[in-house]
Amino acid sequence: MKKLIKQLFRFGIVGGIAFLIDYSILFICTEYLGIYYLISSFISFTVSTVFNYIASVRWVFDVDQKKSQRRNFVLFIVFSVIGLGINQCIMWFGVEKLDLYYMLVKIGATAIVMVFNFVTRKMFLE
């Protein structure tokens with residue numbers, strides 16, 4: 001139980017930093033560079049996912065060294081693409097159908113994808 005709590009704490013720190021990266025890039029790309037919010041969301045999600053992968057493998061999860069690093073990376077990418085799909089669907093639905101501010105929708109999308117990420121990484125990387 002201590003190990004799980006430690007992992008959740010570390011995952012929260014990494015996730016918080018990844019969120020700041022994601023949220024900042026989304027805002028900068030959309031507001032200052034004039035990029036459409038869904039494209040900005042794709043860019044910001046991708047950048048934060050790279051950070052998240054490196055930090056998760058090095059600091060959060062006890063990655064099973066018996067499993068191939070290539071396999072781990074492929075699984076991480078597959079689940080990240082699924083997470084991106086979830087993120088983009090929530091962003092589109094929240095902005096286009098519910099008429100909410102995209103930065104507000106991003107907070108909810110991030111929370112949902114974060115749970116998905118923890119569960120899938122815990123199951124497949126360890």
Side-chain angles (χ1 to χ4, degrees):
M1 187 58 143
K2 267 185 163 179
K3 179 183 173 186
L4 180 60
I5 291 170
K6 181 180 176 181
Q7 276 186 321
L8 284 170
F9 178 74
R10 287 181 172 193
F11 186 77
I13 291 171
V14 168
I17 295 168
F19 173 75
L20 291 174
I21 292 168
D22 192 356
Y23 206 69
S24 299
I25 292 173
L26 172 63
F27 185 77
I28 290 166
C29 286
T30 305
E31 297 298 324
Y32 291 103
L33 301 178
I35 299 172
Y36 182 60
Y37 79 94
L38 283 178
I39 296 171
S40 296
S41 180
F42 173 83
I43 294 166
S44 66
F45 186 93
T46 303
V47 172
S48 70
T49 297
V50 170
F51 163 78
N52 202 318
Y53 173 75
I54 294 166
S56 292
V57 168
R58 292 186 180 190
W59 194 55
V60 176
F61 295 104
D62 295 325
V63 176
D64 187 350
Q65 297 302 323
K66 295 175 189 167
K67 295 178 182 173
S68 156
Q69 295 301 325
R70 172 183 266 162
R71 175 197 172 275
N72 286 342
F73 185 71
V74 168
L75 284 173
F76 191 91
I77 294 300
V78 167
F79 290 124
S80 293
V81 168
I82 294 169
L84 174 62
I86 294 167
N87 177 77
Q88 295 296 79
C89 287
I90 293 169
M91 290 294 294
W92 175 82
F93 186 79
V95 173
E96 301 298 329
K97 298 299 179 188
L98 300 178
D99 200 31
L100 298 171
Y101 181 53
Y102 76 97
M103 295 299 286
L104 181 62
V105 175
K106 182 63 175 177
I107 294 169
T110 299
I112 292 167
V113 173
M114 188 170 73
V115 171
F116 171 79
N117 284 342
F118 182 81
V119 170
T120 56
R121 290 173 189 164
K122 180 88 175 138
M123 289 173 44
F124 292 99
L125 289 180
E126 290 190 323

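With sequence neighbours left out, the ring pair (Phe, Tyr, Trp, His ring centres under 6.0 Å) criterion links F79 to F124. Here I5 pairs with M1 under the side chain to side chain contact (heavy atoms under 4.5 Å, CB included) rule; sequence neighbours left out. Remark: Y37 pairs with E96 by the side-chain hydrogen bond (donor to acceptor under 3.5 Å, both in side chains) rule, at least two apart or across chains.
Applying the side chain to side chain donor-acceptor pair (under 3.5 Å) rule to pairs touching residues 108-120 yields nothing, sequence neighbours excluded. Among residues at least two apart or in separate chains, there is no salt bridge (Lys or Arg N to Asp or Glu O under 4.0 Å) pair with a member in residues 34-44. Legend: salt bridge (Lys or Arg N to Asp or Glu O under 4.0 Å) pairs involving residues 11-35, not counting sequence neighbours, sorted by first then second residue: D22-K106.
Residues Y102 and F27 are in side-chain contact: their nearest non-hydrogen atoms beyond the backbone lie under 4.5 Å apart.
Around OH of Y32, the count of heavy atoms belonging to other residues, nucleotides or ligands within 6.0 Å does not exceed 12. Within a 6.0 Å radius of CZ in F42, other residues, nucleotides and ligands contribute 12 heavy atoms or fewer. More than 12 heavy atoms of other residues, nucleotides or ligands lie within 6.0 Å of CZ in F116, so this atom counts as buried by the packing criterion.
In this structure, a donor-acceptor pair under 3.5 Å is present between the side chains of S56 and N52.
With hydrogens and angles disregarded, a donor-acceptor distance shorter than 3.5 Å links the side chain of S44 to the backbone of S41.
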